[in-house]
J.: 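Here it is: the structure, laid out below.
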Number of protein chains: 2
Amino acid sequence: METKLTVREQILDHAITLMMLRGYNGFSYRDLSTLVGVKTSSIHYYFPSKDDLVLEAVNQYSDAVMVGLQSVDPALPARDKLATYTKLFGKTLGDGDQICLCGMLAADIESLPETVRQAVQAFFNANESWLASVLAQGAKEGTLIVKGDPESAARTLFAALQGSVLASRLFHTKSRLEDVEAMWRVAR
Amino acid sequence: METKLTVREQILDHAITLMMLRGYNGFSYRDLSTLVGVKTSSIHYYFPSKDDLVLEAVNQYSDAVMVGLQSVDPALPARDKLATYTKLFGKTLGDGDQICLCGMLAADIESLPETVRQAVQAFFNANESWLASVLAQGAKEGTLIVKGDPESAARTLFAALQGSVLASRLFHTKSRLEDVEAMWRVAR
DNA sequence: GTCTATACGAGGATAGAC
DNA sequence: GTCTATCCTCGTATAGAC
């Protein structure tokens, strides 16, 4: 049973996909117009300016990721939580030509308004604090390696994951994310 | 004694700076025209198309970084080599609003021709293999932590550094790079 | 080498009819 | 809500004078 998407939802979905591919400055209302099948003026009806569109796109993307994080079984050992997270992150690659929307917008941040910067920061903070708690759990269990405090370790881990999707796409390979995960895992 | 830069050199320098700020799709010949003080048609004289310009920019940037790597004293302990490298990486941040050119172009890669992709890949490979040899040395000395083979550890380290400059700029802070370095350093 | 002039499509945005 | 029509600026690029 497939749900019909409203025009508004289609616009938002395609905007997210396009930005994960080419970034904020690399797509246009015309592109969306072609993909959705409505005129650009109709898109302006829903999203008066491009900045409005981006902000909503980030929020929708962010909400979806948060739902993904909350759906991870809290009873799992930390190592398995990290494996799940890495797999989630790998899915953002899509057909191998997309990267995390918020990683992309972090690259484009100097072209964007302050509101978007705050939304992207919030995304980073949420992911890093989720990872920090997983690392803390892993340290207790002895299943994950944590050097220093979990917070700074989590920032480094998240940065490594963002950098790895970038490199994965650059080299047309998927293996780089697994290298990262292995780095934090205690050898069995 | 200051060296006068040719117009060509000025164009290239400003192009690099602008791309480190806003990316490939975020700057124009007009921007360069204003900064250098020549008309856009003169820029086309030196660089017929924007792709030509980007390719030369990457090569110049890459060459400069390679010189930086070669100038690191081979006699240094691995830990100090890594510290030097991290510092070099931190300098790319400039006034806090720039990121590594090749990290930026990796984000923009789907808008760029194959030639540029290869140049950016070469930059990644060179940095990763330099880091791999430093990690190998550090493992021998016992000054750096290396999990698994040095090559995959180096890829993760490089990804973490790229991700960290991105986050540093996003949050207007410089400390994130040091977190990364500390992660690979054996506690004394 | 650098300029003026110009072409031409892309891109964001709005007014007003339906 | 969606369209047509239109505006105006930006962006890459070229031709040809100096």
Side-chain angles (χ1 to χ4, degrees), chain A residues 3-58 60 101 104-105 107-117, chain B residues 3-58 60 104-105 107-116:
Chain A
T3 318
K4 276 181 239 170
L5 294 178
T6 66
V7 169
R8 193 176 200 283
E9 288 163 340
Q10 288 182 62
I11 294 169
L12 224 33
D13 286 353
H14 280 114
I16 290 172
T17 303
L18 282 175
M19 276 193 281
M20 290 171 73
L21 184 69
R22 287 192 229 117
Y24 173 73
N25 291 306
F27 86 102
S28 68
Y29 273 48
R30 270 179 163 80
D31 295 331
L32 291 173
S33 168
T34 305
L35 286 166
V36 178
V38 294
K39 298 296 170 182
T40 61
S41 51
S42 300
I43 304 177
H44 279 287
Y45 169 78
Y46 294 104
F47 308 98
S49 82
K50 206 180 175 185
D51 288 345
D52 297 325
L53 174 57
V54 181
L55 188 57
E56 287 219 48
V58 175
Q60 173 165 316
L101 177 63
M104 179 62 92
L105 294 182
D108 291 338
I109 203 69
E110 299 295 330
S111 308
L112 292 163
E114 189 57 27
T115 47
V116 174
R117 186 188 290 260
Chain B
T3 315
K4 275 181 238 169
L5 294 177
T6 65
V7 168
R8 192 176 200 284
E9 287 163 341
Q10 288 183 62
I11 294 169
L12 224 33
D13 286 353
H14 279 115
I16 291 173
T17 303
L18 281 176
M19 276 193 281
M20 290 171 73
L21 184 69
R22 285 191 233 121
Y24 173 73
N25 291 308
F27 86 102
S28 68
Y29 273 49
R30 267 182 165 84
D31 295 332
L32 290 173
S33 168
T34 305
L35 286 167
V36 179
V38 295
K39 298 296 169 180
T40 61
S41 51
S42 301
I43 304 178
H44 279 286
Y45 168 78
Y46 294 104
F47 309 98
S49 82
K50 206 180 175 185
D51 288 345
D52 298 324
L53 174 58
V54 181
L55 188 58
E56 288 218 48
V58 175
Q60 171 165 317
M104 180 63 91
L105 293 181
D108 291 337
I109 203 68
E110 299 295 330
S111 307
L112 291 162
E114 190 57 27
T115 48
V116 174

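To find a chain, count down the sequence lines: A is the first, B the second, and so on, and within it residues start at 1.
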J.: Would you mind reading off the distance between D52(B) atom CG and dA13(D) atom C1', rounded to a whole angstrom?
T.: 12 Å

J.: Is a donor-acceptor pair below 3.5 Å formed from side chain S41(B) to base dT14(D), judging by atom type as modelled?
T.: no

J.: Contact between N25(B) and D108(A) at the side-chain level, heavy atoms closer than 4.5 Å - yes or no?
T.: no

J.: Give the nucleotide from the list dC3(D), dT14(D), dT2(C) with an atom nearest to the side chain of V7(B).
T.: dT2(C)

J.: Ignoring hydrogens, what is the shortest heavy-atom contact between M104(A) and R22(A)? Give both atom names and the distance.
T.: CE-C, 4.0 Å

J.: Can you tell me which nucleotide in dG1(D), dT4(D), dG1(C) comes closest to the side chain of Y46(B)?
T.: dG1(C)

J.: Does K39(B) place a side-chain N or O at less than 4.0 Å from the phosphate oxygens OP1/OP2 of dC3(C)?
T.: no

J.: Given atom NE2 of H44(A) and atom P of dT2(D), what is their separation to the nearest angstrom?
T.: 15 Å

J.: For DNA chain C, determine which residues of residues 16-25 of chain B have any heavy atom closer than 4.0 angstrom to one of its atoms, and list them numerically.
T.: none

J.: Counting C-beta onward and ignoring hydrogens, is there a side-chain heavy-atom pair between L35(B) and L18(B) closer than 4.5 Å?
T.: yes

J.: Identify the two heavy atoms, one from Y46(B) and one from S42(B), that lie closest to each other, and give their separation to 0.1 Å.
T.: CD1-O, 3.2 Å

J.: Looking at T34(B), L32(B), D31(B), which one forms a side chain to side chain contact (heavy atoms under 4.5 Å, CB included) with H14(B)?
T.: L32(B)

J.: Mind listing the closest non-hydrogen atom pair of L12(A) and F47(A) along with its distance?
T.: CD1-CZ, 3.7 Å

J.: Of all the heavy-atom pairs spanning A57(A) and L101(A), show the shortest one and how long it is.
T.: O-CD2, 4.0 Å

J.: Contacts to DNA chain C from residues 26-33 of chain A, heavy-atom cutoff under 4.0 Å, which residues?
T.: F27(A), S28(A), Y29(A), R30(A)

J.: Whole-Å distance between dA13(C) C1' and F47(A) CZ?
T.: 16 Å

J.: For Y45(B) and dA15(D), what is the distance between atoms OH and P respectively, to the nearest whole Å?
T.: 16 Å

J.: Please report the shortest heavy-atom distance between V38(A) and S33(A), naming the atom on each side.
T.: O-OG, 2.7 Å

J.: Provide the full list of ring-ring contact (aromatic ring centres under 6.0 Å, His included) pairs with a residue in residues 21-44 of chain B, sequence neighbours left out, each pair given once.
T.: Y29(B)-H44(B)

